[in-house]
J.: 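This is the structure, below, for whatever I ask next.
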There are 2 protein chains.
Amino acid sequence: MKSPIPDATVARLPLYLRCLSELRSPDEHCSSDDLAAAAGVNSAQVRKDFSYLGSYGTRGVGYGIDDLAAQLRKVLGLDTKNPVMIIGAGNLGSALANYKGIDTWGFDIVSIVDIDEAKIGEEVDGLTVESIDNIATIVAARSIDIGVIAVPARAAQDVADRFVDAGITSILNFAPTVIHAPVGVTIRRVDIAVSLGILAYHKAEEERRA
Amino acid sequence: MKSPIPDATVARLPLYLRCLSELRSPDEHCSSDDLAAAAGVNSAQVRKDFSYLGSYGTRGVGYGIDDLAAQLRKVLGLDTKNPVMIIGAGNLGSALANYKGIDTWGFDIVSIVDIDEAKIGEEVDGLTVESIDNIATIVAARSIDIGVIAVPARAAQDVADRFVDAGITSILNFAPTVIHAPVGVTIRRVDIAVSLGILAYHKAEEERRA
DNA sequence: TAGATTGTTAATCGATTAACAATC
DNA sequence: TAGATTGTTAATCGATTAACAATC
């Protein structure tokens with residue numbers, strides 16, 4: 001039941017991949033020290049993370065840049081992307097859809113829907129905003145299994161229910177509220193302001209001490 | 001040097017505050033069990049978190065809802081808000097500015113700037129987008145000490161440098177790249193896609209096992 | 001007093017990091 | 001061989017949770 005690669009490690013893989021492409025040096029290898037410096041993490045962390053993927057480095061030499069990048073892409077599933085639907089074509093939904101361009105995560109946003117008639121038909125990063133009423137059809141037709149909620153808090157539970165009815169089993173909730181779903185459906189909640197809040201808290205704490 | 005309240009706890013406080021207002025029951029108290037159910041966490045977690053704020057419950061009775069809410073607001077600094085500047089008036093910057101409305105975090109977005117002439121003068125959640133060239137003046141005039149980077153990766157380092165020049169010492173970076181700053185400047189990086197990536201990874205892992 | 005619920009301790013779990021033997 | 005760097009172990013750290021004495 002336990003995932004073979006810890007979440008904290010999964011979260012760092014795209015960062016490594018980005019750093020690798022920037023780090024491309026004349027020689028074909030890089031050390032965990034190089035990568036750690038570029039990514040801003042500890043070098044033991046880097047080696048530990050890579051050990052979960054299997055071993056791909058050479059002692060005394062380092063990691064083959066191309067090999068490593070290929071391995072990271074494979075683990076992240078950048079070849080066989082997960083089709084994702086976003087509900088909510090507002091700023092947050094659009095920001096997420098545009099993030100698709102980054103392409104260092106193994107998913108693919110294939111549909112963005114909204115309840116607002118005015119938004120339906122608009123273009124968001126190459127996708128046409130569709131009506132929320134069609135989600136069951138769209139989900140089935142495009143084999144979508146991950147849904148993203150990017151609507152205001154008051155609409156979140158209703159949207160989640162629609163996702164569940166449509167057969168979605170993994171939901172990411174960006175609305176600042178707790179939503180409920182039947183067992184068998186995985187829900188993750190994300191508060192985009194949480195890091196800002198923690199930063200502000202530390203700042204205030206620092207001043208209190210001074 | 002260590003913060004008295006763990007980050008993980010700080011991250012949950014706004015959630016508790018929101019749940020409290022929804023939970024407002026006829027009587028004036030709620031138990032850690034009630035709150036845990038509403039917030040989707042363990043009840044021991046709730047009590048432990050509150051113990052960091054000092055003790056505010058009554059054994060055998062629970063927590064006074066108003067007392068607890070007031071205490072949460074105080075710790076989060078909702079009275080003396082931190083002035084925040086956002087650089088980048090695109091979808092992500094706008095989404096963050098609109099998050100301000102939630103008001104369960106102790107900060108206040110007082111300025112949003114952009115480099116794009118076309119965006120300057122636009123309204124975003126009641127703020128007029130200003131020119132990035134004026135940030136030094138704006139930062140000084142409005143006592144801003146937290147800066148948020150919501151621009152594409154290629155512009156992030158330049159924007160960070162401008163923040164540092166303007167005297168900002170806490171930076172939150174939403175661009176998918178690592179940026180560098182002199183010692184004394186705190187930088188936090190946020191990847192808004194990370195949770196989606198982890199969700200997709202678990203999904204794929206689950207299928208692999210099945 | 002009896003029942004309920006806190007506050008705290010101790011156990012557990014997971015993630016980070018220092019250290020170093022293995023080995024290229 | 002000598003130098004460099006991995007892969008892994010063990011120590012450390014921090015966060016979660018079960019359990020229960022304290023006490024309203």
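Chain A is the first sequence line, chain B the second, and so forth, proteins listed ahead of strands; every chain is numbered from 1.
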J.: Please list all pairs passing the salt bridge (Lys or Arg N to Asp or Glu O under 4.0 Å) test where one or both residues lie in residues 43-63 of chain B, with sequence neighbours left out.
T.: B/Arg12-B/Asp49
J.: Measure all distances between protein nitrogen or oxygen atoms and nitrogen or oxygen atoms of nucleotides 3-5 of chain C, and list the pairs falling under 3.5 Å.
T.:
unit_1 : atom_1 : unit_2  : atom_2 : d
C/dT5  : O4'    : B/Gly60 : N      : 3.1
C/dT5  : O2     : B/Gly60 : N      : 3.2

J.: Expressed as a whole number of angstroms, how long is the span from A/Asp7:CG to C/dT16:P?
T.: 11 Å
J.: Starting at the 5' end of DNA chain D, write a dot or bracket for each base, bracketing those in Watson-Crick or G-U wobble pairs whose two distances are under 3.5 Å and using | for partners on another strand.
T.: ..||||||||||||||||||||||
J.: Would you indicate which nucleotide in D/dT17, C/dT16, D/dA15 comes nearest to any side-chain atom of A/Ala8?
T.: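 Nucleotide nearest to A/Ala8's side chain: C/dT16.
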J.: Separation of B/Leu13 atom CG from D/dA15 atom C1', in whole Å?
T.: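 That distance rounds to 15 Å.
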J.: State which residues pass side-chain contact (heavy atoms from CB on, under 4.5 Å) with A/Asp67; sequence neighbours excluded, sorted by chain then number.
T.: none
J.: Please tell me if the side chains of B/Val194 and A/Trp105 come closer than 4.5 Å, counting only heavy atoms from C-beta onward.
T.: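 Side-chain contact under 4.5 Å: yes.
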J.: Could you give the side-chain donor-acceptor pairs of residues 177-188 of chain B under 3.5 Å, partners two or more places apart or in another chain?
T.:
none

J.: Considering only C/dA18, D/dT17, C/dT8, which nucleotide approaches the side chain of B/Asn42 most closely?
T.: D/dT17
J.: Output every pair passing ring pair (Phe, Tyr, Trp, His ring centres under 6.0 Å) with a member in residues 71-91 of chain A, not counting sequence neighbours, ordered by first then second residue.
T.: none
J.: Side-chain polar contacts of residues 88-97 of chain B - donor-acceptor pairs under 3.5 angstrom, sequence neighbours left out - could you list them?
T.:
unit_1  : atom_1 : unit_2  : atom_2 : d
B/Ser94 : OG     : B/Ala89 : O      : 3.3
B/Ser94 : OG     : B/Gly90 : O      : 2.7

J.: Could you list by number each residue of residues 183-198 of chain B showing a heavy-atom separation from DNA chain C of less than 4.0 Å, or answer none if no residue does?
T.: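 Within this stretch, nothing sits under 4.0 Å of the strand.
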J.: Measure from OH on B/Tyr52 to P on C/dG7 and round the result to the nearest Å.
T.: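 It works out to 14 Å between those atoms.
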J.: Could you list the donor-acceptor pairs under 3.5 angstrom formed by side chains in residues 162-169 of chain A, with sequence neighbours left out?
T.:
unit_1   : atom_1 : unit_2   : atom_2 : d
A/Arg162 : NE     : A/Asp158 : OD2    : 3.4
A/Thr169 : OG1    : B/Lys203 : NZ     : 2.5

J.: Applying side-chain contact (heavy atoms from CB on, under 4.5 Å), name anything that partners B/Pro152, two or more places apart in sequence or on another chain.
T.: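 B/Arg154.
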J.: Show every ring pair (Phe, Tyr, Trp, His ring centres under 6.0 Å) that has at least one partner inside residues 52-71 of chain B, sequence neighbours left out.
T.: B/Phe50-B/Tyr63
J.: What pairs with B/Arg142 under side-chain hydrogen bond (donor to acceptor under 3.5 Å, both in side chains), at least two apart in sequence or on another chain?
T.: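 For B/Arg142 the side-chain hydrogen bond (donor to acceptor under 3.5 Å, both in side chains) partners, ignoring immediate neighbours, are B/Glu130.
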J.: How far apart are the C-alpha atoms of B/His29 and B/Asp34, what are their side-chain angles, what is the distance that settles it, and do they pass the side chain to side chain donor-acceptor pair (under 3.5 Å) test?
T.: CA-CA 10 Å; B/His29 292 267; B/Asp34 299 339; over 6 Å; no
